[in-house]
Amino acid sequence: MDFSVACSHHQRLMRIAMRQPASRRAFLLGGVAAAATSAAAGPLAAASRVSEPDFSVVLPEGVLQIFAVTDRAFRVRFVPESNARSAPPSDILLPTRAPRPTRRRQGDITRLILPHITCEIDAASTVRFFDARGRLLLAETAEGRRLEPGRLGEETIHIAEQRFESPADERLFGTGCFQDGALDLRALPRRLTQVNTQISLPFMLSSKGYGLLWHNRGMAELNPPPHRAVLTKGAAGEARTADVTTTAGNARVERRLTAFEGEIRVEQAGRQAFLLDIGQKMASIHHVEISDQVMVDFANLWLPPTTSFLADLPAGTHKVKVLANDSDAPVLHHGPAVAATTWRAPVATAIDYVVIAGPSAAEVMTGYRQLLGATSMLPRWAYGYIHCRERFHSSDEILETLDEFRRRKLPVDVIVQDWQYWGKYGWNAMRFDEDHYPDPAGLMRALHARNARFMLSVWSKVGKDTDLGRQVAAKGYYIPGTEWIDFFNPEAVAFYRAQHDQHLGKLGIDAWWQDATEPENDDLVGRMTAAGRGEHVRLAYPLEVTRAVHDERRRAEPNVRPMILTRSAFLGQQRYAAATWSGDIGNGWDTLARQIPAGLNMAAAGHAYWTVDAGGFFRPGEGQYTDPGYHERFLRWFQYATFLPLQRVHGYQTNTEFWRYGEAVETVARQYLELRYRLHPYLYSLAGEASQSGVPIMRPFVFDFPQDADALAEKHSYMFGPALHVAPVVAGGADQWPVYLPRTPGGWTDLWTGQRREGGRRHEVTTPIEQLPLHGRAGAILPMGPVMQSTAQTTGAAIDLFVFPGADGAFQLYEDDGLSNAYERGAFSTIAMRWNDAKRELVIEAAQGRFGGAPSQRRFDLHLVGPDDTPLRPSRGVAVNYHGAAVRQRLG
């Protein structure tokens, strides 16, 4: 679609949106911006228009410029005077109709006022932000702005740094998926790079009611410590071998563990901040001891090159020991944890950031959606069970496995083919080896006939020894010195899209696993791309890959929803039907625990679709099938995965099917598969909410309980939508599990027993291996459907509504056809529901909107949750026939 056609399509969608009721208009208008951006295509398609600043002042160090970008967001730029001009087009933000702020001056203070946010600039040109009620959201620190010239090869660049005040009671979330185990990021150092198991998104959400977007596509540093410890290398230990995945396939590597030792000086007792840099593109162990106390001890076959932690230390000199591989060159950065948040870009042209006002987290996400686009609705089947393993070896093996799922009545929607299916044709040749996959299109038809879908692993890396690779090389489409396609080159993008469609897209494949889109090992560093040196754009590569594949599928099948699973992400990627996962993680308890804050911080950074390799990617070899200890870990992993936006299992060199672990594991796994499918009406409605408002499906407690300081400190439990509190068990042998339930009127109800529990305190909850602690919030309305073997059986004709008494509440059931893109044009329906606790009355409002295939009538079975009627042990309920008109029903 060329730009003129895109504009015409954009105008048509605008007309459709403006004819809708107000409750539906906001959702449609958000989708219009994303659709127009996608249709325009090209790596910089999201560029905003050039605009004049709403405030500008020349200072000795540069020019401060402030722009109103939406009615709840300002963009701040501080540029060298030689570069001061109208703001260049943004390569991150969507085009917006910038509002004109009211400008007022009082003494030395200038204020720019918008409906939801005010920007204040004082006599020293320090900037502060306030919400609509005049409450301080965020303030730059005095003299906290630094812009210094630097060099990148022959190019002049700048090092940009901005410091903000952070009061003691502030809690900060976001920046993506990290393996350091942290949820609250206040004072914590982080280095934002894209590598396996780490996804970097330069956005933070504050409990104070704002979001901050660091507007730069290069590597970012959060709270960089000022000091570094010199470490002396000791003698290498014995060699160890490990089987790992690499960009060339499976490999065996040799590693020698070595001690690196030194000292640090703490001038004043208190909390200290640390960042360990292993000195390589990837690590395999993070281990730090300070004064013989272990601060970090985490190992995996692949880990990010940096990790961070906070520690309380007395004043004085402290011995430091770091365990690393013999080939590593670790550095420990350190300094006092201060009451400030600092962002630094070592390769930049300006200080550049955007502040979005809430004050609620949901309102911040509304502003995020305006600037970065709406989250796509994935096809209905994406919310069912996705079955992966490394790997299937033939078409016959795929069909035999699916048939066994169906025979055992284990629900499944998607079967995934991991790498190496290309066989004799070479790495990512975009061809199936006919010796093992004689008829790929026929395989798709056979899967579809069994109500299943197919996801295929495709890379942005193409082997140079393949026919396709020789074409790429001849055209100059590789990033020099690598086998990665240069997705910053529009011609390379067009070529890749054409090959993708010609060789694979026409086969009927349903979903695309775009693996290693970091690109792997942060490989843009020191490389030249079509957008300039890789250091300028090293965070944005996954966005460009995802955009290319998404736009190609929308062109080829304009009314079919795409689905893309990718290992990395950048700001705005959510609008391209993209889901992510936490990469090639291990399988231990500590690894499981670390995934929970990792996923919550992905949600807080604006990405609603995230998941894990349930059971761990790197697994304990053949012994996993008979090891009771691993069986327990696997089931706790899978219980957690049931309450993620996407539910999937994966495993390295493993046949991951449930029955291979014995009857006991299969039985519990079936229970959670069936629960997942029963939750489909609720989960799909949460997906609709994520698309309409930007509120994520799984989320940290800052979204629902921002005033509960104890809840904000909880990093191993979370809300799954507004109704369900989930507290995964992350330790072995736990017959009971401590669960903190946030303060809320009416308390909470245990989904297993119907027992009421008080909010604002910690409870010991019984947790046999078949039970994950689950609680429903008072006032919540939880829709559930029947057990299905795939979402293809969805009809919406019979839904159970479980009401948790103790408070008033509401819910909105969202439905559409589940497969097409018609929802973007208004083809969806919502049914609002309200619970009046005093009257014990449930009101189901009249349905709003229409879509093809909607049931003309349905049956709601209403349940008042208690000891004799829970979502997991339901009674008969009160039947209500619903024909689309409002109904009222008393319960209890």
Side-chain angles (χ1 to χ4, degrees), residues 409 411 642-643 667-668 670-685 720-725 746-757 766 770-772 774-789 791 793-815 831-847 854-892:
K409 296 194 180 302
T642 302
F643 294 92
T667 297
V668 177
R670 179 182 292 104
Q671 174 184 342
Y672 280 85
L673 284 168
E674 292 179 349
L675 175 56
R676 174 77 177 194
Y677 279 77
R678 287 188 61 211
L679 284 168
H680 185 74
Y682 177 66
L683 176 55
Y684 201 73
S685 295
F720 191 67
L724 296 180
H725 179 287
W748 301 82
T749 301
D750 189 313
L751 264 70
W752 298 97
T753 66
Q755 178 182 349
R756 296 280 291 278
R757 293 192 171 103
T766 301
E770 68 274 9
Q771 290 187 14
L772 165 75
L774 291 171
H775 290 82
R777 184 180 185 177
I781 303 168
L782 178 66
M784 298 181 74
V787 173
M788 301 178 288
Q789 293 306 301
T791 58
Q793 298 172 339
T794 302
T795 66
I799 292 179
D800 289 286
L801 296 178
F802 292 91
V803 178
F804 294 86
D808 293 344
F811 186 75
Q812 181 169 276
L813 186 72
Y814 171 92
E815 296 175 311
I831 302 174
M833 305 171 183
R834 294 181 287 107
W835 168 249
N836 186 309
D837 197 62
K839 293 182 178 180
R840 284 296 198 264
E841 182 181 70
L842 179 67
V843 178
I844 305 174
E845 300 284 7
S856 58
Q857 61 180 14
R858 72 175 87 216
R859 170 175 160 157
F860 287 120
D861 286 312
L862 314 184
H863 306 258
L864 191 64
V865 177
D868 298 323
D869 193 354
T870 78
L872 304 181
R873 295 187 296 102
S875 68
R876 185 170 224 172
V878 176
V880 171
N881 291 318
Y882 181 78
H883 300 275
V887 297
R888 296 173 179 267
Q889 178 65 50
R890 287 182 56 84
L891 296 175

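Predicted model only: the values in this text are computed from it and were never measured.
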Are Phe643 and Leu774 close enough, and set up right, to give a side chain to side chain contact (heavy atoms under 4.5 Å, CB included), and what steps lead you there? CA-CA 10 Å; Phe643 294 92; Leu774 291 171; 3.5 Å; yes

Can you tell me how far CG of Leu679 sits from OG1 of Thr642, rounded to the nearest 0.5 angstrom? 9.0 Å

OG1-NE2 distance between Thr791 and His680, expressed to the nearest 0.5 angstrom: 6.0 Å

Shortest non-hydrogen contact from Gln789 toward Gln793: N-OE1, 2.8 Å

Taking all heavy atoms of Arg670 and all of Lys409, pick out the closest pair and write down the distance. NE-O, 3.6 Å

Return the minimal non-hydrogen interatomic distance between Tyr882 and Glu845, and the atom names on each side. OH-O, 2.6 Å

With a cut-off of 6.0 Å (strictly less than), are more than 12 heavy atoms of other residues, nucleotides or ligands near CZ of Arg859? no

Between Ser685 (side chain only) and Tyr814 (backbone N and O only), is there a donor and an acceptor less than 3.5 Å apart? yes

Going by side chain to side chain donor-acceptor pair (under 3.5 Å), His775 matches just one of Arg757, Gln755, His725. Which one? Arg757

Does any part of the side chain of Val787, heavy atoms only, come nearer than 4.5 Å to the side chain of Tyr677, both counted from C-beta? no

Would you say that Val843 contacts Asn836 through its side chain, given a criterion of any heavy-atom pair below 4.5 Å between the two side chains? no

Got a donor-acceptor contact below 3.5 angstrom from the Tyr684 side chain to the Leu813 backbone? no

A side-chain contact here means heavy atoms from C-beta on lying under 4.5 Å apart; do Thr667 and Glu770 qualify? no

Thr870 side-chain N/O to Val865 backbone N/O, donor-acceptor pair under 3.5 Å: no

List the atom of Met784, the atom of Pro681, and the distance in Å for their closest heavy-atom pair. C-CG, 3.9 Å

Does the side chain of Pro867 come within less than 4.5 Å of Thr753's, by heavy atoms? no

Verify side chain to side chain contact (heavy atoms under 4.5 Å, CB included) between Gln857 and Asn881, making sure each step is shown before the conclusion. CA-CA 7 Å; Gln857 61 180 14; Asn881 291 318; over 6 Å; no

Would the distance check show the side chain of Arg840 and the main-chain N or O of Arg890 forming a donor-acceptor pair, the cut-off being under 3.5 Å? no

Compare every heavy atom of Gly892 with every heavy atom of Leu864, then report the nearest pair and how far apart it is. CD2-CA, 3.9 Å

Pairs of donor and acceptor atoms involving the side chains of residues 797-812, under 3.5 Å and at least two apart or interchain, shall be tabulated with distances.
residue	atom	partner	partner atom	Å
Asp800	OD1	His863	NE2	2.7
Asp808	OD1	Asp837	N	2.7

Would the distance check show the side chain of Arg678 and the main-chain N or O of Leu872 forming a donor-acceptor pair, the cut-off being under 3.5 Å? no

Heavy-atom side-chain contact between Asp868 and Ser875 under 4.5 Å: no

Would you say Trp752's side chain and Leu772's backbone share a donor-acceptor pair under 3.5 angstrom? yes

Which heavy atom of Arg756 sits nearest a heavy atom of Thr749, and at what distance? CD-OG1, 3.1 Å

